[in-house]
Amino acid sequence: MSGMADFIDPKSEWWRQAVCYEVYVRSFADGDGDGVGDLPGITARLPYLRDLGVDALWITPFYPSPQHDHGYDVADYTGVDPLFGDLAAADDLLAGAHELGLRVIVDLVPNHTSSEHAWFAAALAAGPGSPERARYLFRQGRGPEGDLPPNNWQSVFGGPAWTRVEDGEWYLHLFDPTQPDLDWRHPDVGDLFEDVLRFWLDRGVDGFRIDVAHGLYKVEDLRDQVVGQDEQAGSGAVNSTQTMVERDALRDEPMWDQPEVHEVYRRWRKVLDFYDGDRMAVAEAWTQTSDSMARFVRSDELHQSFNFHWLTAPWSAAAFAEVVEQTLSAMALVDASATWVLSNHDVERHPSRYGGGERGLARARAATLAMLALPGSAYLYQGEELGLEQVDVAPEHRQDPSYLRTGEPGRDGCRVPIPWSGDHAPYGFGPGSGQPWIPQPEGWGPQSVAAQTGNQDSTLEFYRRALALRRSVATTAGDEVAVEVVDTDLLVLRRGDLTVVVNTGSTPRALPAGEVLIASAPLPDDPDGDPDAPGTPGTGTPGTAGTAGTRLLPPDTAAWLADPS
Ligand code: NOJ
C-alpha cells in the first residue's frame with residue numbers, strides 16, 4: 001500500500017524534531033533545460049540535501065496548473081504538470097528520497113482550485129443556481145443592478161475578493177481571480193480532498209503542507225468585515241508585516257479561522273493515522289494569536305502548524321525571546337511540537353530583512369543558529385543555506401500575481417533560481433544556457449553551491465556544521481527552554497546542557513561559561529581560527545569554565561555553548 005522503505009519506524013514521530021527543507025519547485029533545479037525547475041531536477045540533487053543534513057523536503061505544488069500563482073492554482077490534484085515531469089517522475093523522486101533516508105512532504109491546496117479546474121469550468125457553464133456552482137461561493141452582487149461585490153472583503157493579492165462573471169453573479173477569491181474559493185460546506189469538497197490525500201499517501205508521501213489551512217471555511221452569511229477607521233478591509237496577508245504581539249486588538253476576520261475548519265482536520269487525521277509510516281500534516285495557518293495557532297495541532301487534528309511569529313519579529317533580543325516563549329507555551333498546552341521558520345517563498349529572505357549586506361547576513365546566521373537549537377522542527381527555505389538575499393527583480397520580469405494586482409514588488413525576489421555552479425546564468429541551475437524563468441543576478445558565482453563547498457567560512461559550510469551538530473547535540477537536549485534577556489541585547493536560551501547566546505546589540509558581550517560548540521562568526525579572541533572546532537586549543541573555542549568573561553561575543557553573532565559541568 002504505502003511504498004515506504006523499511007527504514008521508517010512507525011512510532012518515531014520523525015517530524016517532531018525534523019529539519020525540513022522547502023523546495024520551490026520552479027527554482028530549485030532544472031532537469032530538462034527549459035529554464036524552469038522540475039521533479040527530475042530535484043531527484044538529481046537529493047544527495048545534496050542529504051549531505052546538507054536535512055531530514056525532509058517539502059515540495060511546493062507540481063500539479064497540473066495554468067501557473068497563475070505558480071502552482072497554487074491547481075487544475076488537477078492527482079496529476080503532475082508536464083512542466084515538472086509526470087507521475088513516474090514523482091514516484092522516482094519519492095523512491096530516491098526514501099533510499100537516502102529523506103522524507104517527502106507535498107503541498108495540498110484545499111482553499112481554492114484553479115479557474116481551469118473541471119469543477120469551475122462546469123460551474124461557469126451550468127449557470128446561477130446550479131448544483132455545479134454550489135461547490136464554490138457564487139453570490140448575487142449588491143446595489144440595484146447587482147454590480148457591487150457581495151461584501152467588502154479584499155483579496156490577499158490586492159483589490160476586491162470578488163469577480164463578476166458574464167451572467168451577473170460574482171464568485172469569491174481570497175487570492176487571485178484565477179483561484180476561486182471552494183465552499184467547504186458542500187459535501188463534494190470534503191470528499192474530493194479525502195480522495196486526494198489517499199492518492200498521494202498511497203504513492204508514499206510522508207506528509208502534507210496544507211496551504212491556507214485557516215481559510216477553508218468562511219462565516220456562513222459572508223457578512224462584511226468590520227474594519228477600524230485606519231484600516232482597509234482586508235483578508236489578512238499572506239506575508240503580513242504585523243506581528244501577533246504588535247496587534248493590540250484582534251482584527252475582525254470573517255474569512256479566516258472559523259471554528260468549522262477543525263472538523264476538516266479531524267477527518268484528515270483519521271486518514272493519516274490509517275496509514276503506516278508516521279504520516280503527518282503541517283498547516284500554513286496565518287492566525288492572529290499563538291493560541292489560535294495551537295488549535296490546529298490538537299491531538300486529533302494536524303501534527304504541526306507553521307509558526308510565522310519569527311518572520312515578523314524585528315532584530316531584537318526581547319522580540320526573539322517573546323517569540324520563543326509564546327510559541328513554546330502555546331504548543332505545550334496541546335502537547336504539540338513547535339515549528340520555526342525564518343524564510344519561505346512568500347516573504348523577504350531573512351538576510352535582507354535584517355538589513356542586507358554583511359550585517360544582514362551575520363544576523364541571519366545568528367538567528368538561524370538560535371532557531372536550530374530550539375525544540376521542535378525547523379523549516380528551511382532553499383537558498384538560505386547559501387546566504388542568498390532578496391533579489392531586486394526588474395518590473396518587467398516580475399510574475400507574482402500580487403505584483404500584477406497591486407504594483408508592490410511582491411515575492412519574486414525570493415524565488416530566483418538557485419545558483420549551483422559557475423559564474424554566469426543559469427549558474428548550473430539546469431543544462432540550458434541563458435537566463436531561467438526569473439533572471440538571476442550578475443555576480444552570483446561566489447554564492448553558488450560549488451563556490452561555497454569546502455570554504456569553511458561560507459554560509460553553506462556553516463549550515464552543514466550547524467545541522468550536523470543539531471543532530472548530535474540539540475535533538476537530545478530536552479523540551480524545556482529557559483529564556484532570558486540580559487541587559488537588553490543578549491538573548492540567552494538554555495536547553496538542557498546546551499546554552500545559546502545571541503548578541504543583538506552593537507557592542508561585544510562576555511560569553512557565559514562553557515565550551516563553544518559552534519558560532520555564527522569567528523569569535524574575537526582568535527580571529528584567525530575556525531570558531532566551530534570544539535575544544536581544540538587555538539581554534540576559536542577559547543576557554544572553558546575557568547575563563548568565563550575573557551571570551552567575547554561580537555554584535556550580530558550567536559554561539560552554542562556546552563554546559564561546563
Ligand atoms: C500560500 C502560499 O504559500 C502562497 O505562495 C500562495 O500564493 C497562497 N497560499 C495562495 O495559495
Side-chain angles (χ1 to χ4, degrees), residues 20-28 37 58-75 77 81 105-117 120 136 153-159 161 172-182 184 193 196 208-216 218 234-240 255-257 261 281-287 293 296 304-308 311-312 339 341-349 379-382 390 393 398-406 408-416 437-438:
C20 183
Y21 183 99
E22 179 189 352
V23 170
Y24 192 72
V25 61
R26 297 178 69 88
S27 299
F28 184 65
W58 146 37
I59 309 174
T60 57
F62 48 78
Y63 319 111
S65 157
Q67 301 289 317
H68 292 297
D69 189 20
H70 296 145
Y72 286 98
D73 47 329
V74 179
Y77 289 89
D81 196 294
I105 294 174
V106 296
D107 225 307
L108 189 72
V109 189
N111 179 67
H112 43 265
T113 67
S114 160
S115 51
E116 292 186 21
H117 190 280
F120 195 72
Y136 292 89
W153 297 2
Q154 296 287 299
S155 152
V156 171
F157 292 162
L172 180 73
H173 52 86
L174 291 177
F175 295 89
D176 195 65
T178 61
Q179 294 167 298
D181 279 56
L182 288 161
W184 269 84
F193 281 95
V196 172
F208 297 91
R209 176 262 188 194
I210 314 299
D211 189 65
V212 199
H214 57 314
L216 314 192
K218 287 76 183 164
S235 45
V238 71
N239 47 6
S240 164
M255 67 292 284
W256 302 127
D257 208 2
V261 80
V282 52
E284 185 222 20
W286 287 87
T287 62
M293 180 178 83
F296 287 79
Q304 290 188 323
S305 180
F306 288 139
N307 166 23
F308 294 129
L311 290 180
T312 52
T339 64
V341 182
L342 286 167
S343 277
N344 67 30
H345 68 281
D346 288 329
V347 300
E348 189 177 17
R349 285 186 176 276
Y379 283 82
L380 309 182
Y381 177 48
Q382 66 181 34
Q390 194 78 357
V393 177
R398 291 183 193 152
Q399 306 193 20
D400 182 348
S402 76
Y403 166 70
L404 302 175
R405 280 175 72 85
T406 63
E408 296 295 321
R411 302 166 291 173
D412 296 304
C414 63
R415 299 174 174 182
V416 179
W437 70 282
I438 300 184

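Just so you know, these numbers come straight off a predicted model, no measurement behind them. Note that ligands are numbered from 1 as they come in the structure, with each ligand's atoms numbered from 1 the same way.
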Participant: Indicate yes or no for a side-chain donor-acceptor contact from S305 to the backbone of F296 under 3.5 Å, with no hydrogens or angles considered.
Facilitator: no

Participant: Report, in ascending order of atom number, the atoms of ligand 1 lying under 4.0 Å from any heavy atom of R411.
Facilitator: 4 (C), 5 (O), 6 (C), 7 (O)

Participant: Can T113 and Y136 be counted as having a side-chain donor-acceptor contact under 3.5 angstrom?
Facilitator: yes

Participant: Is the closest heavy-atom distance from H70 to ligand 1 below 4.0 Å?
Facilitator: no

Participant: Which bit of H173 is near ligand 1, meaning a heavy atom under 4.0 Å away: side chain, backbone, both or neither?
Facilitator: neither

Participant: For Q179 and H68, test the side chains for any donor-to-acceptor distance below 3.5 angstrom and give the result as yes or no.
Facilitator: no

Participant: Considering only heavy atoms, does F157 approach ligand 1 within less than 4.0 Å through its side chain, its backbone, both, or neither?
Facilitator: side chain

Participant: Of the side chain and backbone of H345, name the one, both, or neither that has a heavy atom under 4.0 Å from an atom of ligand 1.
Facilitator: side chain

Participant: What are the atoms of ligand 1, with element, lying closer than 4.0 Å to any heavy atom of H112?
Facilitator: 10 (C), 11 (O)

Participant: Can you tell me if R209 has a non-hydrogen atom under 4.0 Å from ligand 1?
Facilitator: yes

Participant: Answer yes or no for R415: is there a heavy-atom contact with ligand 1 below 4.0 Å?
Facilitator: yes

Participant: Check each atom of ligand 1 against the heavy atoms of D211 and keep those under 4.0 Å away; list them by number with element.
Facilitator: 1 (C), 2 (C), 3 (O), 8 (C), 9 (N), 10 (C), 11 (O)

Participant: If the cut-off is 4.0 Å to any non-hydrogen atom of V212, which atoms of ligand 1 fall inside it?
Facilitator: 9 (N)

Participant: As an exercise, state the distance from CE of M255 to NE2 of H214, rounded to the nearest 0.5 Å.
Facilitator: 10.0 Å

Participant: With a 3.5 Å distance limit and no angle check, can you tell me whether S155 reaches the backbone of F175 through a side-chain donor-acceptor pair?
Facilitator: yes

Participant: Going by heavy atoms in the side chains, are V212 and W256 under 4.5 Å from each other?
Facilitator: yes

Participant: Do Q67 and D73 get their side chains close enough for a donor-acceptor pair, meaning under 3.5 Å?
Facilitator: no

Participant: Has Y381 got a side-chain atom pairing as donor or acceptor with V341's backbone, closer than 3.5 angstrom?
Facilitator: no

Participant: Going by heavy-atom distance to atom 10 (C) of ligand 1, choose the closest among D346, V109, D69.
Facilitator: D69

